[in-house]
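Heads up: the structure comes next, in structure tokens.
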Amino acid sequence: MHISLGPLLYCWQKQQVTDFYQQVAASQIPLVYLGEAVCSRRRELKWGDYLELAQMLKQAGKEVVISTLALIEAPSEYTELKRQVDNGEFMVEANDMAAVYLANEHKLPFVCGASINNYNRASLDILQRFGMQRFVMPVELSKAWLSQVIQQKPLFEVEVLGHGYLPLAHSARCFTARHKQLTKDHCETVCREYSKGLVAQTQEQQPLLRLNGIQTQSASCLDLRSEITTMAQMGVDVFRVSPSSLDCITTANTLVDAINTPENAQDFAIGSDANLETTQCNGYWFGEAGLAVHANP
């Protein structure tokens, strides 16, 4: 099994993003996803900037995958998607079926992201024939579902989001702009003010969701580190860490060490990370409500 770092899903200042990936380049993380996967109105980094970061990470020995938007809404976004898919060097993570179509049209390999709703083996086998090399399991599915789907060993790799805030949904409406009483077309990129999204609470003041522009995330942090050994035994190839701070690099590095010394993997019990600022969850993996927590699976 390998450890991956998913794409940065938040709107950070350009220098902050550059500094972050320079630290990633110096880390032990072997596989890095890079690119804007949430909203095309986030223009802190241009396509050329992402290519420069990709080259820097490649020179540091990383496998780099370019992540694409999860919701293609405009012709301009489709034009940008074409440039990303046909970049000539890096594989893409297709987060919308438009990216799958373009990759298949150009006979290019791709990773199928979790935002594409794949719920059965038949659809995965079709995507594999289209060129899919790796499948990222939708976050709401369970260990039991995955075990059944890959019971007959597939021709593609399997990746599971194992640590980070869960991306639950995407919408044509920007909830962060709405919170600021702004329209989406004149949002002033206010999501820059929330480096980990904006937490929405219930009437009982309990954290429920995390608003991240047009994306809705979980307020709690998914933590499946204690399941690494089980995942490896099942046939999962990649355990993904979704970044939200510099601490995520440390978390991923520690997991790389655990993979290299499997006897240490059992030490990652849920709630053991002192750097986490929020509550944790792991319910979906066990076929229950996503907010549920199994402290000692």
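We count residues from 1, following the sequence as given. All heavy atoms count here, side chains included; hydrogens, waters and symmetry mates do not. Predicted model only: the values in this text are computed from it and were never measured.
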- request: Assign the ring pair Phe20 / Trp12 to parallel, tilted or perpendicular, where the plane angle (0 to 90°) is split at 30° and 60°.
  value: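 Aromatic pair Phe20/Trp12 classed perpendicular.
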
If every non-hydrogen atom of [X] is compared with every non-hydrogen atom of [Y], which pair is closest and at what distance?
X: Glu44; Y: Asp49; result: O-OD2, 4.3 Å
X: Leu182; Y: Cys187; result: CD1-O, 3.4 Å
X: Ser115; Y: His170; result: CB-CE1, 4.5 Å

Beyond-backbone contact of [X] with [Y], side-chain heavy atoms, under 4.5 angstrom:
X: Ser40; Y: Glu80; answer: no
X: Glu89; Y: Gln55; answer: yes
X: Asp237; Y: Val158; answer: yes
X: Thr176; Y: Arg192; answer: no
X: Asn87; Y: Trp47; answer: yes
X: Tyr33; Y: Ile66; answer: no
X: Arg225; Y: Leu255; answer: yes
X: Asp257; Y: Gln28; answer: yes

message: Could you measure the distance from the OH atom of Tyr50 to the CG atom of Leu53? Nearest 0.5 Å is fine.
response: 8.0 Å

query: Say you draw a straight line from CZ of Arg210 to CG of Leu198; how long is it, rounded to the nearest 0.5 Å?
result: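 Between atom CZ of Arg210 and atom CG of Leu198 there are 9.0 Å.
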
More than 12 heavy atoms from other groups under 6.0 Å of [atom1] on [X]:
X: Gln148; atom1: CD; answer: no
X: Gln152; atom1: CD; answer: no
X: Arg173; atom1: CZ; answer: no
X: Tyr119; atom1: OH; answer: yes

- request: Following the transitive rule for hydrophobic clusters with a side-chain heavy-atom cut-off under 4.5 Å over Ile, Leu, Val, Met, Phe, Trp and Tyr, establish whether Val65 and Val38 coincide in one cluster.
  value: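 Not linked; separate clusters.
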
- prompt: If we ignore angles and hydrogens, is there a donor and acceptor under 3.5 Å between the side chains of Gln15 and Asp19?
  reply: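 Side chains of Gln15 and Asp19: pair found under 3.5 Å.
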
